S.K.: 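Input: one structure, supplied below.
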Amino acid sequence: MLDPKLLRSDINAVAERLLVKRYRLDTAAFLALEEQRKALQLAAEDLQQERNSYSKSMGKLIGEAKAKGEDVEPLKAKGEQLKMASAAADTELTEVQDALNAMLQGIPNIPHQSVPAGNDEDDNVEVRRWGEPHTFDFDVKDHVDLGAAFNGLDFDRAAKITGSRFSQMRGGLASLHRALTQFMLNTHIQEHGYEEVYVPYIVNRESLYGTGQLPKFAEDLFKLDDEREFYLIPTAEVPITNIYRNEIVEKLPIKLVAHTPCFRSEAGSYGRDTRGMIRQHQFEKVEMVQFVHPDESWDALEALVGDAETILQKLELPYRTVVLCGGDLGFSAAKTYDIEVWLPSEGKYREISSCSNFGDFQARRMKARFRNAEGKPELLHTLNGSGLAVGRTLLAVMENYQQADGSIAIPDVLRPLMNGQTHIK
RNA sequence: GGUGGGAUGGCAGAGCGGUUGAAUGCACCAGUCUUGAAAACUGGCAUACGUUAAUAGCGUAUCUAGGGUUCGAAUCCCUAUCCCACCGCCA
């Protein structure tokens, strides 16, 4: 959520910057509501004050009246009247405030000045490239064919067990998948200073609201059939970031990492990436989340992207890093870098990590704060990034490490986690 | 699944219908004393929102959350959530 004060004081500047995100802010509607809110709030608070002070004096008045043997009912009747007037004003005020809140909650975060203009992913700007795409002296296969060849990857059986967009792995490939997870976690914990957390995979709606998935993006979520309004997590960002919802933390920065499954219903993307493991209803991800001082978040974002890139470098997978243009930027993010890994079968780079700075946007929704130098609570900044999406990393390893005989070489850094094994076949 | 008990400021803990935004203690901050520190003493010490040039005043809200009773609720009633204890059941 944006700072309502900012909207009140400088709405035109906000509207202009939101255009970068291709969001048209209805400034007239906001200002009209805001004007109503102000008038109603002043009136409601005045009435409330009157009611409070009258009630406060009642103890004494009733005592006096009773001492004189007078009727107490007229005194009560006036109180009743004040109550009715105040309640009516409150109802009006609440209506306007609800409308204002609904509008406020639907406004996306303001993009950072450095975010390039653009409409969609084609306008994202490459900031660096690492590694050379490998050239093969045989016809490259994609991960689906590679996996099928040694019965390691089975989409048909997964479809039988559940449905489309699920996968089943077995043997060396399943182990490699697990080894990748372990490798990523170890690297972030031992080399990048993250603390590992284990979190629930089912969350309530307050948590989804805190990170911004709700109320706008409910169709991407799997909701449980339970009166408690529980959802499967679409990313570990939700449970990890919400660790500090409604809290004032003592010390910043806090850097956490977790490995979790992620569940996405992907309602809006039928027909896209239907083949293979690129887009699944269930996948594994290692997620990094940082809680930082507002002055530090832009440096932290650069470091976070570096932490994610390190994984690809150690795996010797060629990649490029792009900064998302305004039109491709997510609802809650102020700036996002995507890391894209080279996929030989497609001859192009595909997203494998997304690292974002949310500024105080999520923190305001979550009321996550820290004590500043004056000892006053202040909203902190949140960031997160995949480090990395495990399924897509596995796919990238398979395709980039494929051999002429259809086997897959295991990257050096993973061999200790695979009992020294060098190939999967 | 059953039966009880509980949730109050950073923490501990009073209050159980009317100057209670909330006693008291601890912690914290400032000062006095001291060569310095400790101790002792004095004072201060919640958050959000609104109004405002203001982190000054003033107002409103907040004693887990949401409803209700009442002129008036931390205090009474209902519901939800969480915690604790005991019993049962199951990994």
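In what follows, chains carry the letters A, B, and so on, assigned in the order in which the sequence lines appear, proteins first and then strands, with residues in each chain numbered from 1. Everything numeric here is computed off the predicted structure, so don't read it as measured data.
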S.K.: Atom pairs, N/O to N/O, protein against nucleotides 50-55 of chain B, distance under 3.5 Å?
M.R.:
residue	atom	partner	partner atom	Å
B:G50	OP1	A:Arg8	NH1	2.4
B:G50	OP1	A:Arg8	NH2	2.6
B:G50	O4'	A:Gln41	NE2	3.0
B:G50	O3'	A:Arg37	NH2	2.9

S.K.: Is the distance between the ring centroids of A:His281 and A:Phe222 under 6.0 Å?
M.R.: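 Aromatic pair counts; centres sit under 6.0 Å.
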S.K.: Both distances under 3.5 Å, Watson-Crick or G-U wobble: report the partner of B:A61, or none.
M.R.: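 B:A61 is paired with B:U47.
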S.K.: Within this structure, what is the CZ-to-C1' distance between A:Arg369 and B:A46, rounded to whole angstrom?
M.R.: 10 Å
S.K.: Using a heavy-atom cut-off of 4.0 Å across all strands, would you classify A:Arg364 as base, sugar-phosphate, or nothing?
M.R.: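 The residue A:Arg364 makes no contact with any strand.
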S.K.: With both distances kept under 3.5 Å, what pairs with B:A27, Watson-Crick or G-U wobble?
M.R.: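 Because no pair has both required distances under 3.5 Å, B:A27 counts as unpaired.
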S.K.: Using the side-chain heavy atoms of A:Glu80, tell me which of these nucleotides is nearest: B:G72, B:U47, B:C71.
M.R.: B:C71
S.K.: Heavy-atom nearest nucleotide on RNA chain B for A:Gln49 versus A:Arg371: which residue maps closer to 5'?
M.R.: A:Arg371
S.K.: I need the CG-C1' distance between A:Asn52 and B:G18, as an integer number of Å.
M.R.: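 Taking CG of A:Asn52 and C1' of B:G18, I get 12 Å after rounding.
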S.K.: Tell me yes or no: between the side chains of A:Lys314 and A:Thr187, is some donor less than 3.5 Å from an acceptor?
M.R.: no
S.K.: Charged N to carboxylate O under 4.0 angstrom, A:Arg37 versus A:Glu34?
M.R.: yes
S.K.: Among A:Thr336, A:Asn384, A:Asp338, which residue satisfies the side-chain hydrogen bond (donor to acceptor under 3.5 Å, both in side chains) criterion with A:Ser354?
M.R.: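 It is A:Asp338; the other options fail the test.
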S.K.: Which residue lies toward the 5' end of RNA chain B, A:Asp46 or A:Pro377, if each is placed at its nearest nucleotide?
M.R.: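 Counting from the 5' end, the first nearest nucleotide belongs to A:Pro377.
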S.K.: Under a 3.5 Å cut-off for both distances, is B:U35 Watson-Crick or wobble paired, and to whom?
M.R.: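 Across any shown strand, B:U35 pairs with none.
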S.K.: Thinking salt bridges, do A:Arg205 and A:Glu229 make one under a 4.0 Å N-O criterion?
M.R.: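 So A:Arg205 pairs with A:Glu229 through a salt bridge.
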S.K.: Return a table of donor-acceptor pairs under 3.5 angstrom between the side chains of residues 285-298 of chain A and protein atoms on other chains or two or more places apart.
M.R.:
residue	atom	partner	partner atom	Å
A:Lys285	NZ	A:Thr235	OG1	2.9
A:Lys285	NZ	A:Glu287	OE1	2.6
A:Gln290	NE2	A:Tyr194	OH	2.8
A:His293	ND1	A:Asp295	N	3.0
A:Ser297	OG	A:Asn357	ND2	3.0
A:Ser297	OG	A:His381	ND1	2.9

S.K.: Nearest whole Å is fine: how far is B:C49 C1' from A:Leu104 CG?
M.R.: 13 Å
S.K.: For A:Phe263 together with A:Phe283, are the ring centres under 6.0 Å from each other?
M.R.: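 Distance test on ring centres: not under 6.0 Å, no.
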S.K.: Return the nucleotide paired to B:U75: Watson-Crick means purine N1 to pyrimidine N3 with N6-O4 or O6-N4, wobble means G-U with N1-O2 and O6-N3, both under 3.5 Å.
M.R.: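 Partner of B:U75: none found under 3.5 Å.
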S.K.: Hey, does A:Ile352 have a side-chain heavy atom less than 4.5 Å from the side chain of A:Tyr319?
M.R.: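 No. Closest side-chain heavy atoms not under 4.5 Å.
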S.K.: What N/O pairs connect the protein and nucleotides 78-84 of chain B at under 3.5 Å? Give each pair on its own line.
M.R.:
none

S.K.: Within the 4.5 Å heavy-atom criterion, are A:Tyr209 and A:Gln105 side-chain neighbours or not?
M.R.: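 Contact flag for A:Tyr209/A:Gln105 side chains = yes.
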